[in-house]
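So that the names make sense, note that chain A is the first sequence line, chain B the second, and so on, each numbered from 1.
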Amino acid sequence: MDAVHADLCALMIGHALGEFPTQADDDALLTRITSEARSSGKHFLVAASELGIRCTPRIWASFLLFLLKDWEDSKTREQMSLVAQVRPFQTSEGEPLLNELIDRSIAALRQLATARDGPQSVASAETLQTLLDCARLSERCGVPDQAYDIAAAALDAAPDRGEVVESLARFGIENAFRANRLHQVAVCRAKLATAVAEAVLEEPSRRLEAFELTELAIETLTMAPATIRHSVVALLLPTVESHEYLRPLGIQLGAYLPLKDRNPKYQELIGNDVWPPRITLERSDDWEYSVATRPSTAWERGIDSLRMALEPLPSEDSAHVDWTSWTIRHPAYRRAVPQNQSFLREADFDNQLLVLTHELTHVYSYIGALGLALTALRIALFENELTVWSNAVKDSTEVERRMPVEGIANPEPGNAVGLLRAEIRLELIEKATLLQDVWLTWLEGLALFSECAADPQLDPDGISPVTEALRGLVDVFPKSETMEAAFDEIEQLYAEFERRAHAAMESRAPIRFSAHMRLANSAPYFQGYLAVRSVISSWERTVGRPLTGTEAFGLLLHATRYGSGDAIPDLSIGADDFGAQALERHSAWIRSVASLPRQEIEDYLLPPEKSGSGRMFSWENGHLSRSQHSEEARTEREVAARKRLLHEAFDTLVEEGFPASSSQDGDASEWAASTLNGVLRDARAADESVFGQDRALRWFNSLLDAGTLMPIGQASARFHLGVSSSKPTASLAFHLRTTEKLARTGEPSGNFLIIPLTTESAEALQAEYRKRLVPHLLVTRCIDLTAIIGLGGPGACHLLVITYGDWIHVRGATAAAEIALQNTQHGTETLESLIRLRAAPNPLQLAERTLIAPGQLALSRTAEWLGQSEGWNMAGEPIIVDAWVSRLRAKCGNMAQTDRGLRQRELAHRLLAAIWSDPMAAEAVSAGFESLTQSTPNERKTLLRWLYESGRHVPGSASDPQWGTVSARTRAILAEERSYGWTVRPVG
Amino acid sequence: MQLIAVLTEQNHYAALERARQISVTKSLPTDRANALLSADASQWLGEIWDHVEIALDRALKRGMEAARPVLEQVGELVDKVVALGAAWVDDVLTTVRERLALYQREAIQQALNGVQQSVSIGERTFEIDRVVVAQSVKVSASVKASLTEVCEFVGEGQIEMSAEYAVSRVPDRP
């Protein structure tokens with residue numbers, strides 16, 4: 001067997017080399033060498049050497065082909081060892097890739113010769129790896145078909161499993177897809193699935209991978225010709241049958257066998273059903289009914305569930321939103337998409353609603369001044385990294401290839417020019433994290449207040465954007481025939497949602513509130529809640545009455561989003577001053593918000609007219625008023641603010657004047673200083689050219705707009721597409737998982753959806769399917785948080801985004817949302833690109849979001865680069881920049897070692913000290929709720945109840961009868977007595 | 001030398017502060033904004049632990065007998081939480097026991113910190129060399145039993161120990 005495989009592999013290498021014939025110059029040399037070899041009877045290589053001729057790669061290829069003609073002859077094969085020994089002394093110039101191919105071909109032929117005649121197996125990992133190298137190089141040399149043949153021959157010889165076997169199969173799949181040879185894809189996918197399934201015996205954690213690869217291999221069978229299909233089924237069947245977790249896939253696989261060969265057990269499950277193709281080209285009139293009801297569809301749903309059951313689910317204690325993507329991560333929505341009424345039927349609806357309320361409040365809080373500042377810093381960081389990449393890697397295609405994978409590049413070790421970019425990098429990251437840490441106290445306080453106090457039933461006239469967005473998770477499909485009746489139906493559903501939200505608050509909010517207040521080693525929830533309540537308390541004192549939680553929350557969120565521009569420091573200032581300024585401005589802003597005049601508060605709280613056109617409020621110099629500006633004027637101001645923030649972020653370090661900082665260190669010579677000055681000027685010019693092109697601003701706008709299209713829930717789903725030349729639209733059918741746990745059953749639930757597609761869209765999906773042959777598409781629900789699309793009926797527009805590779809289809813989650821989508825002012829292309837950026841980013845966008853923006857990778861890579869660099873140079877000239885380097889190393893060390901949790905709690909302490917003007921009280925609450933009450937643990941329950949109830953302030957509710965038991969000390973620290981009862985101490 | 005180290009309120013609070021660091025919740029990531037997914041375990045831990053602190057406080061300030069009614073309440077709370085049969089119940093009870101064990105260790109450590117490090121007799125100074133604490137407390141699998149043990153220890157208000165001092169230096173002759 002080895003001989004057959006070795007010969008086949010050698011033959012395929014020969015085919016590849018045969019694609020590189022000698023050229024005119026080569027021919028002349030070749031003639032001289034062969035004449036000399038013939039006349040002297042010397043070996044070809046010896047003759048070439050004696051003639052002083054350096055063989056070109058093509059002469060080498062020709063020589064190897066000559067040897068391969070007599071490959072059957074053992075003497076020829078014996079020569080391969082000699083050739084391999086001589087090759088290092090007879091290297092060839094020009095065509096570097098071909099040279100590499102020659103090197104690897106010689107190595108492969110030597111190994112094949114040894115394997116054929118000796119004890120070594122062709123299937124050894126070393127030989128297979130060499131053959132894989134040959135295949136890869138052949139492809140890079142522009143002969144992909146021959147590359148595939150080498151890989152296929154190697155795969156034929158390969159054992160069932162092994163790392164290199166998997167690599168060969170993966171190479172074969174990619175290569176075959178590029179050549180659109182789907183039968184080759186089928187074979188290689190089957191090989192890969194088998195190899196990984198075998199590997200699972202030793203690596204159980206790869207079960208999911210094996211399952212998915214087997215799914216893919218089976219999927220490809222539809223597109224393979226019958227002869228190939230039978231051999232692939234024969235290859236896969238034993239694997240599927242012998243692994244219990246793969247057996248459910250056997251039904252689909254068995255459907256490709258003749259009826260007589262099918263497993264009778266499977267037959268019982270799906271009868272004689274033929275597995276429907278993913279794409280039905282001439283769908284019948286009853287295709288939708290058929291696809292929804294046939295046994296194979298139910299089985300596919302089961303396969304989706306089995307795949308999900310194999311996914312490892314991390315144990316998590318929290319849901320969260322990250323500062324970069326503004327996306328809620330919640331385990332219930334990691335692979336389920338709320339649809340129709342499913343949200344109301346969640347088993348843990350009460351908890352989930354409150355958690356989502358909390359996290360969505362964070363997202364809304366970011367969509368404002370804070371989010372603008374963080375995004376400006378994020379863009380400046382990305383542009384800085386692009387500059388580092390373009391300096392480090394001159395080939396732009398190389399940058400495009402590596403940046404999405406590696407994220408962060410470093411200059412050559414010792415390149416002093418890179419120090420400036422490294423320092424800008426560190427400064428931008430530090431400022432972003434400082435801003436986050438300063439604001440965290442307030443944001444957590446606001447989010448806790450939102451979930452525990454902003455009861456929608458307390459506000460008969462309005463609705464907070466948070467509740468509105470969550471209410472929209474319940475899709476409304478009115479059944480009534482008249483408009484009036486339909487509105488009644490919608491009103492009833494909304495009332496039902498508010499009732500459920502109220503009930504959730506009643507049952508779960510007190511428990512969740514207590515749990516968060518007691519967290520002492522996490523984010524400063526307790527201190528944040530006190531800060532928020534202090535502001536409300538100030539407002540209540542001003543207006544002379546208690547505010548309901550809902551009233552207060554509306555104004556708090558508005559102030560946080562639209563009134564906090566002055567709380568953001570100049571983004572260009574150095575990180576050393578930035579933290580202090582951020583805290584000072586943040587606390588000044590809170591004090592300013594707390595001191596709103598009565599008229600402004602009352603005006604905002606005035607219920608809007610039912611049939612009115614709505615009101616718009618704006619903040620100017622700390623005052624809130626009905627906006628008098630036209631939409632154009634508002635847009636102009638917004639654009640100006642964005643430009644200013646971008647300029648500030650880009651001016652990080654550049655504006656400060658770099659040479660000053662280096663000469664302060666006293667180690668940069670005059671020459672170095674002037675050279676670095678040039679670097680500074682270049683950097684500034686580069687930044688200005690960015691502004692000149694408006695690229696950064698456009699991206700800024702895209703990120704902000706995309707940021708408001710918030711994904712909530714994502715699931716993969718097996719699909720079927722039915723098209724017909726005689727029908728105007730195609731139909732896309734898929735089963736969507738809608739809950740992880742349904743209240744009624746305790747099991748996951750789903751809906752079967754059939755949606756119409758235009759013929760063009762269906763054709764695009766078909767084309768993409770042929771490029772991928774994956775049975776599932778990805779469905780994501782997005783909420784248009786700021787109505788950039790328009791209103792989806794009475795509330796926020798909810799979208800279902802369906803993606804499959806490069807194909808995308810966006811539709812409204814309801815008929816009203818679909819109408820809004822059709823009528824949006826944004827062009828379809830713009831909207832799709834925004835949605836893609838958010839829900840299905842391309843690799844570079846994903847790298848920016850996950851590798852660059854968070855900063856940790858940049859920090860570690862910078863430290864690594866500084867550590868690698870010993871001497872420093874600029875344009876090859878040595879330069880002394882030791883003090884600068886030391887400063888950067890220290891900065892890296894400090895940033896890496898900063899305990900952010902501790903810093904956040906310290907900042908919370910300083911914030912309360914600043915807004916209360918009472919350092920003793922701030923100190924007393926600084927270590928948390930339980931520490932505050934360490935000598936009076938018996939009052940904790942009463943205090944928590946009071947803090948919770950007095951925040952909601954349900955009109956007519958009795959004050960807590962046990963309040964009198966709270967110690968005078970605790971009262972003095974936390975509370976103030978008003979005519980309507982005790983409340984949290986106000987700001988001031 | 002037989003010594004007595006008094007467990008002061010300050011020692012008691014410092015030990016409680018340390019004990020409360022043990023949480024039923026994993027530490028939450030600090031680079032994002034979190035919300036607890038489930039609060040039940042934290043809520044029950046808080047409820048039980050408040051009573052534990054009340055019992056310890058009473059035992060320290062008013063003696064074991066004053067703490068007994070609260071011990072009963074703790075027992076009732078534990079019975080209630082066990083009856084829930086939820087997956088997190090064991091985590092709550094384990095956390096309470098771990099907190100009690102840490103509290104006790106810290107309380108002893110805090111009290112020992114107050115023991116005189118050296119004694120001078122005449123011209124000679126003796127440094128502390130070895131301490132043997134007479135009391136021993138077992139934290140068992142039962143929350144109530146563990147708490148009772150620790151309360152009895154705290155109710156004593158003092159720690160008996162034997163300390164040995166050794167000559168560390170002889171002053172130079174004038």
Side-chain angles (χ1 to χ4, degrees), chain A residues 315-323 329-332 348 351-352 354-359 362 365 433 436-437 440 443-444 447-448 451 508 510-523 854-856 899-904 927-928 930-931 933-938 940-941 944, chain B residues 8-61 66-67 69-70 73-74 77 84 86-88 91-92 95 99 103:
Chain A
S315 128
E316 288 168 305
D317 280 340
S318 69
H320 58 257
V321 178
D322 71 71
W323 298 88
R329 309 283 174 197
H330 190 302
D348 199 13
N351 245 329
Q352 273 167 230
L354 298 184
V355 172
L356 289 179
T357 301
H358 185 120
E359 294 302 315
H362 284 312
S365 302
T433 50
Q436 293 163 14
D437 289 352
L440 186 72
L443 297 187
E444 287 300 2
L448 192 59
E451 70 160 303
R508 302 301 303 173
I511 294 169
R512 294 185 50 77
F513 179 77
S514 300
H516 283 93
M517 296 296 269
R518 287 175 185 272
L519 286 173
N521 292 323
S522 297
Q856 289 94 332
D899 178 341
R900 284 189 68 182
L902 187 63
R903 182 166 81 180
Q904 288 157 1
E930 289 178 334
S931 292
T933 50
Q934 66 177 5
S935 60
T936 50
N938 54 331
R940 283 180 188 152
K941 200 170 180 176
L944 287 170
Chain B
T8 64
E9 276 187 28
Q10 201 183 351
N11 300 154
H12 166 68
Y13 293 140
L16 284 177
E17 185 81 42
R18 284 295 307 277
R20 282 194 300 262
Q21 309 286 316
I22 302 175
S23 171
V24 77
T25 310
K26 280 186 285 194
S27 64
L28 306 179
T30 55
D31 58 350
R32 52 198 79 159
N34 303 282
L36 290 174
L37 282 173
S38 169
D40 294 293
S42 301
Q43 160 71 8
W44 276 99
L45 175 66
E47 180 96 12
I48 295 171
W49 188 253
D50 284 351
H51 284 80
V52 168
E53 286 198 17
I54 294 167
L56 292 170
D57 201 59
R58 286 198 186 174
L60 180 75
K61 292 172 184 167
V70 190
Q73 288 173 5
V74 170
L77 283 171
L84 294 175
W88 43 262
D91 295 338
V92 169
T95 306
R99 282 184 173 189
Y103 166 80

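At a 4.5 Å heavy-atom cutoff, A/T936 makes no contact with chain B through either its backbone or its side chain. In this structure, the portions of A/A319 lying under 4.5 Å from any heavy atom of chain B include both its backbone and its side chain. With a 4.5 Å cut-off on non-hydrogen atoms, B/E9 does not touch chain A at all. Heavy atoms of A/L443 lying under 4.5 Å from chain B are absent altogether. For a residue to count as touching a neighbouring chain, one of its non-hydrogen atoms must lie under 4.5 Å from one of that chain's; by this rule A/E316 touches chain B with backbone and side chain alike.
Annotation: maximal heavy-atom pairing with chain B below 4.5 Å, among A/H362, A/Q904, A/R518, A/R329, occurs at A/R518. Heavy-atom pairs under 4.5 Å with chain B were tallied for A/S931, A/S514, A/A927; the largest tally goes to A/S931. The choice from A/R903, A/E451, A/H516 that makes the most heavy-atom pairs within less than 4.5 Å of chain B is A/H516.
The two residues A/V321 and B/R32 come nearest to each other via the heavy atoms O-CB, 3.2 Å. Nearest heavy-atom pair, B/A35 versus A/V355, reported as atom, atom and distance to 0.1 Å: CB-CG1, 4.4 Å. A/R512 and B/L37 make their closest contact through NH1-O, 3.6 Å (heavy atoms, listed as atom of the first residue, atom of the second, distance). In terms of heavy atoms, B/E53 sits closest to A/Q934 at OE1-O, 4.1 Å. Contact record, B/N34 with A/H320: OD1-CB, 3.4 Å, taken as the closest heavy-atom pair. In this structure, B/A33 and A/E444 approach most closely via the heavy-atom pair CA-OE2, 3.5 Å.
A 6.0 Å sphere centred on CD of B/Q21 holds more than 12 heavy atoms belonging to other residues, nucleotides or ligands.
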